[in-house]
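Whatever order the structure lists ligands and atoms in, that order sets their numbers, starting from 1. Only heavy atoms go into these numbers, but all of them, side chains included; no hydrogens, no water, no symmetry mates.
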Amino acid sequence: MLKRSGKVYLSGNTGLLGSSALRLLKDRGFKNILVRNHKRLDLTRQLDVEKFFKNERPAYCFMAAAKVGGILANRTLTGQFIYDNLMIEANIINAAYISGVKKLLFYASACSYPVDSRQPMKEEYFLTGRPEHTNISYAVAKIAGITLCQAYRAQYGCNFICAVPTNAYGPRDNFDLKDAHVIPALIRRFHDAKIKGDKKIILWGTGKPKREFIYSDDVANASLFLMDHYNSPDIINIGSGCEISVKDLSNLVKDVIGYRGSIAFDRTKPDGASRKLLDSTRINRLGWRARVSIEEGIKKTYDWFIKEYHANEV
Ligand SMILES: NC(=O)c1ccc[n+]([C@@H]2O[C@H](COP(=O)([O-])OP(=O)(O)OC[C@H]3O[C@@H](n4cnc5c(N)ncnc54)[C@H](OP(=O)(O)O)[C@@H]3O)[C@@H](O)[C@H]2O)c1
């Protein structure tokens, strides 16, 4: 169990998962939370990171900083994705070891699993096949992050753990259509279509593939649960068990936003994998479950989009 008086360093505090973790840590009574935004501390800079850890000496570390993006960014910024992520991981993990961090959580990703993995994906399928080639730089960097945590535990006895969240969404997500993940992209498109009075929205594929989604506050909650209770070198999945087809998800977003037009699927466009679901039996057995339903999560995300993001744009 983490001491609530202990100093916690949370990297990536301005991002989707980091901002949720920050709110939760404050709510749960952590008084000594250390954050540095990207401009103040570039985590790809080894000397700066070492100096920061040497001066601050945090007891605990949540690693929510990473270079993250959608399919297009992953395909085009391949050098940046591998360099930034490898550097951030190596710098933080090594500095945490040197400065005596007692416990650290690294966020891996479901794309570290083999592309043709059996479904739902169990933790033991990790490294049993090649990851998806379209985001190979990101996937390999995530695999390296897991290996770093496991290697530092094996050689130096560091209590560094690795969690694999499923597709997360929530306030502070990226709503830029060039680079957004599925839920923020749908929110953006349905909202814009409603405002413009468009009669129809066309979505790619058949609408049949199923995906799993988790609200960002549930990931934060699971992360603190794992920091309090999980001490194994093995990766652990953080899933919601909420699997939904793209078609049902689109209808849900449409209803939440109140868009009155119709949805058409362009079947000439690719669908991607038919199913991608994490097996969360391990974390469920330890006593943790996701709480926020997809309906509630999308409503909260849309409220945030209207009040904070969209309001600042217009
Ligand atoms: N979101 C998901 O669905 C999901 C699923 C599985 C795993 N994960 C993992 O969870 C972690 C957090 O993801 P997220 O979705 O919250 O990402 P995000 O919203 O893109 O946030 C990333 C954070 O990292 C910071 N950052 C990036 N490069 C940095 C650098 N060089 N130095 C300092 N800070 C830097 C960003 O700050 P700036 O914006 O100022 O650059 C931002 O605060 C990542 O490791 C990701 O791989 C996410």
Checking the N or O distance criterion of under 3.5 Å, is ligand 1 in contact with Asp42?
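It does: an N or O of Asp42 is found under 3.5 Å from an N or O of ligand 1.
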Using distance alone, decide if ligand 1 has a nitrogen or oxygen within less than 3.5 Å of any nitrogen or oxygen in Asp84.
no
For ligand 1, is any non-hydrogen atom under 4.0 Å from [X]'s backbone (N, CA, C, O), its side chain (CB onward), both, or neither?
| X | value |
| --- | --- |
| Lys142 | side chain |
| Tyr169 | neither |
| Ser216 | neither |

Is [Y] paired with [X] through a side-chain N to carboxylate O contact shorter than 4.0 Å?
| X | Y | answer |
| --- | --- | --- |
| Asp248 | Lys210 | no |
| Lys300 | Glu295 | no |
| Lys122 | Asp279 | yes |
| Asp192 | Lys196 | no |

Protein contact to [atom] [nearest heavy atom, distance to 0.1 Å]:
| atom | value |
| --- | --- |
| atom 48 (C) of ligand 1 | Leu17 CD1, 3.8 Å |
| atom 6 (C) of ligand 1 | Pro165 O, 3.3 Å |
| atom 12 (C) of ligand 1 | Ala64 O, 3.3 Å |
| atom 19 (O) of ligand 1 | Leu16 N, 2.8 Å |
| atom 32 (N) of ligand 1 | Leu43 N, 2.9 Å |
| atom 42 (C) of ligand 1 | Thr14 OG1, 3.6 Å |
| atom 20 (O) of ligand 1 | Val68 CB, 3.7 Å |
| atom 3 (O) of ligand 1 | Ala168 N, 2.8 Å |

Assess whether salt bridge (Lys or Arg N to Asp or Glu O under 4.0 Å) is satisfied between Lys269 and Asp266, documenting all intermediate values.
CA-CA 6 Å; Lys269 295 289 194 295; Asp266 179 353; 3.3 Å; yes
Within ligand 1, which atoms have a heavy atom of Asn167 less than 4.0 Å away?
3 (O)
Taking 4.0 angstrom as the limit and counting only heavy atoms of Ile88, give me the atoms of ligand 1 inside it, by number and element.
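Reading through ligand 1 atom by atom, the close ones are 28 (N), 29 (C), 30 (C), 31 (N).
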For [atom], tell me which residue out of [options] has the closest non-hydrogen atom.
| atom | options | result |
| --- | --- | --- |
| atom 30 (C) of ligand 1 | Arg45, Arg36, His38, Gln80 | His38 |
| atom 46 (C) of ligand 1 | Phe106, Tyr138, Phe213, Tyr107 | Tyr138 |
| atom 22 (C) of ligand 1 | Ala66, Gly145, Gly12 | Ala66 |

Is the closest side-chain donor-acceptor distance between Asn237 and Ser280 under 3.5 Å?
no
In a check of side chain to side chain contact (heavy atoms under 4.5 Å, CB included) between Lys142 and each of Cys162, Ser109, Ser137, which one passes?
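When Cys162, Ser109, Ser137 are each tested with Lys142, the side chain to side chain contact (heavy atoms under 4.5 Å, CB included) holds only for Ser109.
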Measuring from non-hydrogen atoms of [X] to any atom of ligand 1, is the shortest distance under 4.0 Å?
| X | result |
| --- | --- |
| Thr166 | yes |
| Met63 | no |
| Leu41 | yes |
| Asn37 | no |

Taking atom CZ of Arg172 as the centre, report whether more than 12 heavy atoms of other residues, nucleotides or ligands fall under 6.0 Å from it.
no
Check for a donor-acceptor pair, side chain of Glu89 on one end and backbone N or O of Leu148 on the other, with a separation under 3.5 Å.
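No, because the side chain of Glu89 does not come within donor-acceptor range (under 3.5 Å) of the backbone of Leu148.
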In this structure, OG1 of Thr78 is separated from CG of Asn135 (nearest 0.5 Å) by 11.5 Å
Nearest 0.5 angstrom please: Leu127 CG to Thr147 OG1, how far?
6.0 Å
Candidate list Tyr169, Phe175, Phe190, test ring pair (Phe, Tyr, Trp, His ring centres under 6.0 Å), partner Phe305, passing option
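The single option meeting the ring pair (Phe, Tyr, Trp, His ring centres under 6.0 Å) with Phe305 is Phe175.
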In the structure I gave you, are the side-chain heavy atoms of Val164 and Met121 within less than 4.5 Å of one another anywhere?
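No, their side chains stay 4.5 Å or more apart.
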